[in-house]
J.: 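Take a look at this one; I'll ask things after.
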Amino acid sequence: MDYISTRGSAPTLDFEGATLAGLASDGGLYLPHEWPRLSLDEIRDLRGLSYAALAARIMRPFVAGSLTDDELEALCDKVYGDFGHAAVTPLVQLNETHWLLELFHGPTLAFKDVALQMLGHLFETFLERRDERLTIVGATSGDTGSAAINAVAGLDRVEIFMLHPHDRVSEVQRRQMTTVRAPNVHNLAIDGSFDDAQRHVKAMFADESVTKTLRVGAVNSINWARLMAQVVYYFYSALQLGGPDRKVAYSVPTGNFGDVFAGYVAAQMGLPIERLIVATNVNDILHRALSDGDYSAGGVTATITPSMDIQVSSNFERLLFDVGGRDGAAMTEQMRGFDAEKAMKLTNSQRGGASALFSSARADQDETTRAMQWAYRNAAQVIDPHTGVGLHAALAADMAAHVPIVTLATAHPAKFRDAVERAVGVRPSLPQRVGDLFGREEAFVELPGDYDAARDFVLETAIPSAA
Ligand SMILES: *Cc1c(COP(=O)(O)O)cnc(C)c1O
């Protein structure tokens, strides 16, 4: 499969190249040059497959030319054999209409594990083949950092340096990073804010003293391979609810637009989807964009759903490109305008294309809390606040009665247990398999807040890449 950039001028790459590149060199995002299609009969034939077998079948066209079927199947078996639930992403029924799709059975209890575990193994496979090494440098305020660390811990050719603001992440989040003891994992607690950490990381990517000895890579959600891995659970859940002969709707707690874009990809591949509901918290740039075409960034408000506190949704560009006629030059122009103004209007074709499948809703803290209480009282389900935002949107949706609505449960409630306890009066405990998190020994280096301290530590510690 060939991959093209949304900005139209970066070189076309194969799957291996796009996975290792992350961001395209023209600043755009990679997408397959065309959507692979499955007929309804081919989709019916997928019923009853295990998660790992289905994953290999769905990913097959996207990795063609870069992985053989055998290699892909072995990877899927390895990655998805290791989750905390045999179904990997089990469905839970709330009432006749509403369902939860639990995506939090991976090692760090958030949906990001489903894709990042795959990405770690893809990196290792491709680097081995090229006899190269990769040094991942990232900044985190919590969630992505722990999922990324857990995804690459113990790999031979990938090393990770994760910067977090010292004493400014929750204890669970910190421990999920610092108790992973592997020689290729380095936690850097810097004396500064998340923004300082983020700035240091960006500076390292542009610093020749770093890039001349290290091939630096990123793990943010713009990597195509992450989205590809997320397409699988849309098929998996729809097949269980009567698909492809019955349409299913999804409500997706959304931040960077990665998870819900994977639903769009499933639809392009031929899966009948009634609607994708983009659920946001009060940081509602996407809700405004989808409801009146106004994509304008404001300040970020801190909420009880921190993983959705975003100003700009990087993956939204992929949708705008695809529904807007795949015009790289026009996209470049539009995004240049956005970078300058922090605001842009969607074109008519973008609005029309998006509204065919997407709708949106926004939940403030009271609405989120009420949705969490609804799940607890009506279905005895303790859900996390991010899932609460999604469920609020699902309950408010105007949908024909026979359409099942699946809310994506993006985090385990124990990850956000203070907010959960305040909402429903129950303090969820950590699942058994991570239950000794508070007993394990931590390892991290404390560094002063300046850039040189972080860079020098990376330079002195990292194993140089062969390239
Ligand atoms: C990352 C995250 C989200 C947002 O997902 P996107 O793909 O960025 O839209 C929602 N909920 C949780 C718990 C997350 O960690």
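Numbers for residues simply follow the sequence, beginning at 1. First listed ligand is number 1; within each ligand, the first listed atom is number 1. Bear in mind that the values here come from a model prediction, so they are computed numbers and not experimental data.
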J.: Within less than 4.0 angstrom of ligand 1, does F111 place any heavy atom?
T.: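 Judged by the 4.0 Å heavy-atom criterion, F111 does count as contacting ligand 1.
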J.: Among protein heavy atoms, which sits nearest to atom 7 (O) of ligand 1, and what does the distance come to when rounded to 0.1 Å?
T.: D259 N, 2.9 Å
J.: Show the atoms of ligand 1 that are less than 4.0 angstrom away from any heavy atom in T254.
T.: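 So the atoms of ligand 1 that pass are 9 (O).
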J.: Please tell me whether Y236 and Y233 form a close aromatic pair, meaning their ring centres lie under 6.0 Å apart.
T.: no
J.: Please check whether F257 reaches ligand 1 - meaning an N/O of the residue sits under 3.5 Å from an N/O of the ligand, judged on distance alone.
T.: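 Yes.
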J.: Report the C-alpha distance between L163 and V201 in whole Å, list the side-chain angles of each, state the deciding distance to 0.1 Å, and finish with yes or no for side-chain contact (heavy atoms from CB on, under 4.5 Å).
T.: CA-CA 8 Å; L163 281 64; V201 167; 4.3 Å; yes
J.: Looking at R362 and D284, is there a salt bridge between them, counting it only when a charged N and a carboxylate O are closer than 4.0 Å?
T.: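 Salt bridge between D284 and R362, a charged N being under 4.0 Å from a carboxylate O: yes.
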J.: Please list, in number order, the atoms of ligand 1 under 4.0 Å from a heavy atom of P253.
T.: 4 (C), 10 (C)
J.: Below 6.0 angstrom between ring centroids: does that apply to F123 and F126?
T.: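 For F123 and F126, the ring centres are not under 6.0 Å apart.
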J.: For the ring pair H386 and F111, is the centre-to-centre distance below 6.0 Å?
T.: no
J.: Quick test: of every protein heavy atom, which one is nearest to atom 14 (C) of ligand 1, and how far off is it to 0.1 Å?
T.: K112 NZ, 2.8 Å
J.: Starting from atom 8 (O) of ligand 1, what is the nearest protein heavy atom, named by residue and atom, and what distance separates them?
T.: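 Among all protein heavy atoms, the one nearest atom 8 (O) of ligand 1 is N256 N, 2.7 Å.
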J.: I'd like to know whether the aromatic ring centres of F161 and H186 sit less than 6.0 Å apart in this structure.
T.: yes
J.: Can you check whether H386 has an N/O within less than 3.5 Å of an N/O in ligand 1?
T.: no
J.: With respect to F62, which candidate in W224, F15, Y3 satisfies the ring-ring contact (aromatic ring centres under 6.0 Å, His included) definition?
T.: W224
J.: Compute the shortest N/O to N/O distance between F416 and ligand 1 and return yes if it is under 3.5 Å, no if not.
T.: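 In this structure, F416 places no N or O atom under 3.5 Å from an N or O of ligand 1.
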J.: So that I can tick it off, tell me whether R326 and D322 are bridged by a salt bridge, with the cut-off set at under 4.0 angstrom between side-chain N and carboxylate O.
T.: yes
J.: Would you compute the distance between atom CD1 of I405 and atom OG1 of T97 and round it to the nearest 0.5 angstrom?
T.: 6.5 Å
J.: Any nitrogen or oxygen of G255, side chain or backbone, less than 3.5 Å from one on ligand 1?
T.: yes
J.: Near G258, which atoms of ligand 1 are under 4.0 Å from a heavy atom of that residue?
T.: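 It comes down to these atoms of ligand 1: 6 (P), 7 (O), 9 (O).
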J.: What atoms of ligand 1 come within less than 4.0 Å of a heavy atom belonging to A411?
T.: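 Atoms satisfying the 4.0 Å criterion: 13 (C).
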J.: Can you tell me which residue and heavy atom of the protein come closest to atom 12 (C) of ligand 1, and the distance to 0.1 Å?
T.: T410 OG1, 3.5 Å
